[in-house]
Number of protein chains: 2
Amino acid sequence: MPDVSEKDSMHSSMPTMKDVAQRAGVSVKTVSNVVNDYEFVSGTTRQKVNQAIEELGYVVNVPARNLRLGHTGMIALAIPDLTLPYFAQLSSLVIKEAKKLGLRVLVEPTLYSRQGELEALHGSQHSMIDGLIYSPLELGMGDVEQLNVSYPIVLLGERIFTRDVDHVATENVEGAKRATSYLIESGCRKIAVIGTHPGEELGSAALRLTGYKQALEEAGLPFDSRLTVPSRMWHRVDGESAMNELLDSGLVPDGVVAFNDMLAAGALHAIQMRGLKVPDDISVIGFDNSEDSQYLSPSLTSISPGLHDVAHLSVQVLKNRIDGVRPLGVESGEHVFCKIASTLEIRNSTRPLTQQK
Amino acid sequence: MPDVSEKDSMHSSMPTMKDVAQRAGVSVKTVSNVVNDYEFVSGTTRQKVNQAIEELGYVVNVPARNLRLGHTGMIALAIPDLTLPYFAQLSSLVIKEAKKLGLRVLVEPTLYSRQGELEALHGSQHSMIDGLIYSPLELGMGDVEQLNVSYPIVLLGERIFTRDVDHVATENVEGAKRATSYLIESGCRKIAVIGTHPGEELGSAALRLTGYKQALEEAGLPFDSRLTVPSRMWHRVDGESAMNELLDSGLVPDGVVAFNDMLAAGALHAIQMRGLKVPDDISVIGFDNSEDSQYLSPSLTSISPGLHDVAHLSVQVLKNRIDGVRPLGVESGEHVFCKIASTLEIRNSTRPLTQQK
DNA sequence: CTGTTAGCGCATTCAG
DNA sequence: CTGAATGCGCTAACAG
């Protein structure tokens, strides 16, 4: 005799452990044991239960388990904008790394708004997530206290520095310095910078500018503020207009350090629209080593921020904190601070070193 | 006398409604009423409760509420790859639309794997989400039955067609036809296509090829299979090698329809590397109208798929299903099928119509 | 308007 | 190795 047909009408009437137990002729506890891969279950019992599960199409009710366990297996990732390749890349890597550790990721774009970033921190989702990977763009040192939340958090970026939370940073100063020095070595003497944020003391823009200045100073080259072009946003259109501004001013540089690849792409475009050659007339270096950089014409030399390591370490540390274990290499009571090494990816938007004058 | 200091050591010991109730001198139900903005609560009571909430730093325990309510307020979005601009854009829009309706989004990249796509459908997260927006790439018509799940789902894309689930599609045939016709009108006679998937009957590639053929036929132009270049992946590098293949074959086209903007960007690069001019020697049209398309050199004419509408409608329909209400314009028992209109964004990679021979 | 009570589905003591 | 009973925090009847 066939079984009673399932009523699929509402998805609320899913079978429960009790149903499975009943059908398998065992207790709820046993079903739970099987579901959670408890070691000591007899083979026959396990089989019976698994069959019942199969037949009923049972799946564990995650919210119920969450309630019982006090955690959700979900972490949040707060980033400014998912459509920026840098953050799309980061998100993708974080999701991948999290999955390896059995964690799910709630991506939360804060959309360049201070309020959005604050909400990601204090929003009504605390109890919904076990931890947060937090990449603020609008917050500053004045907001350090805001980071004092009741759940684990790993800070990304270079807007805020504090000893009180785990922090995975990237080599901004070093990267910009490396880029600038490389241009100098390849023969550039008048190097412009695109994407500065005047007035800011912290954040990638400020740090990258510092690296640029350091390289100049080391090489004994003068710093000319007219060669630094501010740009709040770092989209391609901004790079284009910044470069045009520069070219219009009559101050034609022989090298450009753009603070990300999209700015660089815009600059490339602007330069070539004027009939100038890259890298013969002007060399260009970008930041982020985005996937696109190799498909620009010419392909773009760029600083690679080691995003894979950022994602891996962030998730790892957060997972450790959630589990209450101390991350590797951290003293008790201390917090992780790690700067992921950045590397220079040399392509065709810069002159080779052998070609210097 | 000051209050007992909170022990922040573990974030597991959060205050509960009971604590709030006790402190405010009311019952749990009343606290619940206040928290959920129940209408009939006296002003003074509400105030007392709110104060207690403030003092204790209470936040509702979402998993507990979820368990009670039987839903989570979360939907999943399954896409092939978050680093593809098209899907990053889509995800961003879906998250935004979902937020408007009080829904959270779990983004799940299926990474071009059939298994990944199946897991998104049947994985152990059923009970964790209220619904799914599903954009499969690997599944085909043989998998229609797989879509028969116990929770609401909105299907995206053109891999599977069935009357049994809500489906938001895009104008693939129409878009490709429009692109091809435009090239013909602008004077092209030997139009190549990049990115076909030979052997596939369904999916964007097949549909776009159909549109291409229709346009050719309408114009009385012959179809030459040597002008259709297959490419499984649609990254820039694929567009570049496809275009090179074409150029190497000696069959130089005067127009190219690339099946997405990245393929088009690669093609642009390859063409220009040979010293050929776009659009003078070869016109190029892309698909997706990605943000990048306007910053290529030359800026790329592209078919815009109306992603904003796709996101809006998908979320809206899913929300309706979750709430058990019938989406607008659908008969009882029927399902939504909607094709979002696509439009041609004309830029500089194609010759203007006035410039035809 | 507010208090009391009973589960939501699960993991987990504690006995067998 | 397995069964019965308890409660995670919350909401929804149902009384008052």
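To find a chain, count down the sequence lines: A is the first, B the second, and so on, and within it residues start at 1.
Taking atom NE2 of residue A:H71 and atom P of nucleotide C:dC10, one finds them 15 Å apart after rounding to whole Å. Atom CZ of B:R68 and atom P of D:dT11 are 9 Å apart (whole Å). What separates CG of A:D19 from P of C:dC8 is a distance of 11 Å, to the nearest Å. Between the P atom of C:dC8 and the CG atom of A:L69 lies a distance of 19 Å, rounded to the nearest Å. If you measure from atom CE of B:M17 to atom C1' of D:dT11, you get 8 Å, rounded to the nearest angstrom. Atom pair A:N61:CG and D:dC8:C1' shows a separation of 13 Å (rounding to whole Å applied). Rounded to an integer number of Å, the gap from CD of B:Q22 to P of C:dG3 is 13 Å. Between the CG atom of A:L67 and the C1' atom of D:dC8 there is a distance of 4 Å, given to the nearest Å.
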N/O donor-acceptor pairs under 3.5 Å from side chains in residues 67-77 of chain B, not counting sequence neighbours:
residue: B:T72; atom: OG1; partner: B:M74; partner atom: N; Å: 3.2
residue: B:T72; atom: OG1; partner: B:M128; partner atom: O; Å: 2.8
residue: B:T72; atom: OG1; partner: B:D130; partner atom: OD1; Å: 3.3

Can you give me every donor-acceptor pair (side chain of residues 327-336 of chain A, partner residue at least two apart or in another chain, under 3.5 Å) with its distance?
residue: A:H335; atom: ND1; partner: A:D166; partner atom: OD1; Å: 3.4
residue: A:H335; atom: NE2; partner: A:D164; partner atom: O; Å: 3.2

Show me the protein contacts with nucleotides 2-4 of chain D, counting only N or O atoms at under 3.5 Å.
residue: D:dT2; atom: OP1; partner: A:S42; partner atom: OG; Å: 3.2
residue: D:dT2; atom: OP1; partner: A:T45; partner atom: OG1; Å: 2.4
residue: D:dT2; atom: OP2; partner: A:S42; partner atom: N; Å: 3.3
residue: D:dG3; atom: OP2; partner: A:S27; partner atom: N; Å: 2.7
residue: D:dG3; atom: OP2; partner: A:S27; partner atom: OG; Å: 3.1
residue: D:dG3; atom: OP2; partner: A:T30; partner atom: OG1; Å: 2.6

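When each of C:dG9, D:dC10, C:dA11 is scored by its nearest atom to the side-chain atoms of B:V60, the top-ranked nucleotide is D:dC10.
Looking at heavy-atom distances under 4.0 Å, A:N36 makes contact with sugar-phosphate atoms alone, never a base.
Contacts of B:V165 classified as side-chain contact (heavy atoms from CB on, under 4.5 Å), with partners at least two apart in sequence or in another chain: B:L147, B:L155, B:T162. Under the rule for a ring pair (Phe, Tyr, Trp, His ring centres under 6.0 Å), the partners of A:F337 that lie at least two apart in sequence or sit in another chain are A:H167. Qualifying side-chain contact (heavy atoms from CB on, under 4.5 Å) partners for B:K48, counting only residues two or more places apart in sequence or in other chains: B:V26. Every side-chain contact (heavy atoms from CB on, under 4.5 Å) that B:D309 has, sequence neighbours left out, goes to B:I340. By the side-chain contact (heavy atoms from CB on, under 4.5 Å) test, A:E97 pairs with A:K100, A:H308, A:A311, A:H312, A:V315, sequence neighbours left out.
Summary for the helix from C:dC1-D:dG16 to C:dG16-D:dC1: the axes at its two ends, each from 5 pairs, differ by 30° when rounded to the nearest 10 degrees.
Note on B:S32: a side-chain N or O is less than 4.0 Å away from OP1 or OP2 of D:dT11.
Side chain to side chain, B:Q115 and B:E119 meet the donor-acceptor criterion of an N or O pair below 3.5 Å.
Under a 4.0 Å N-O distance rule, the pair B:R159/B:D143 does not qualify as a salt bridge.
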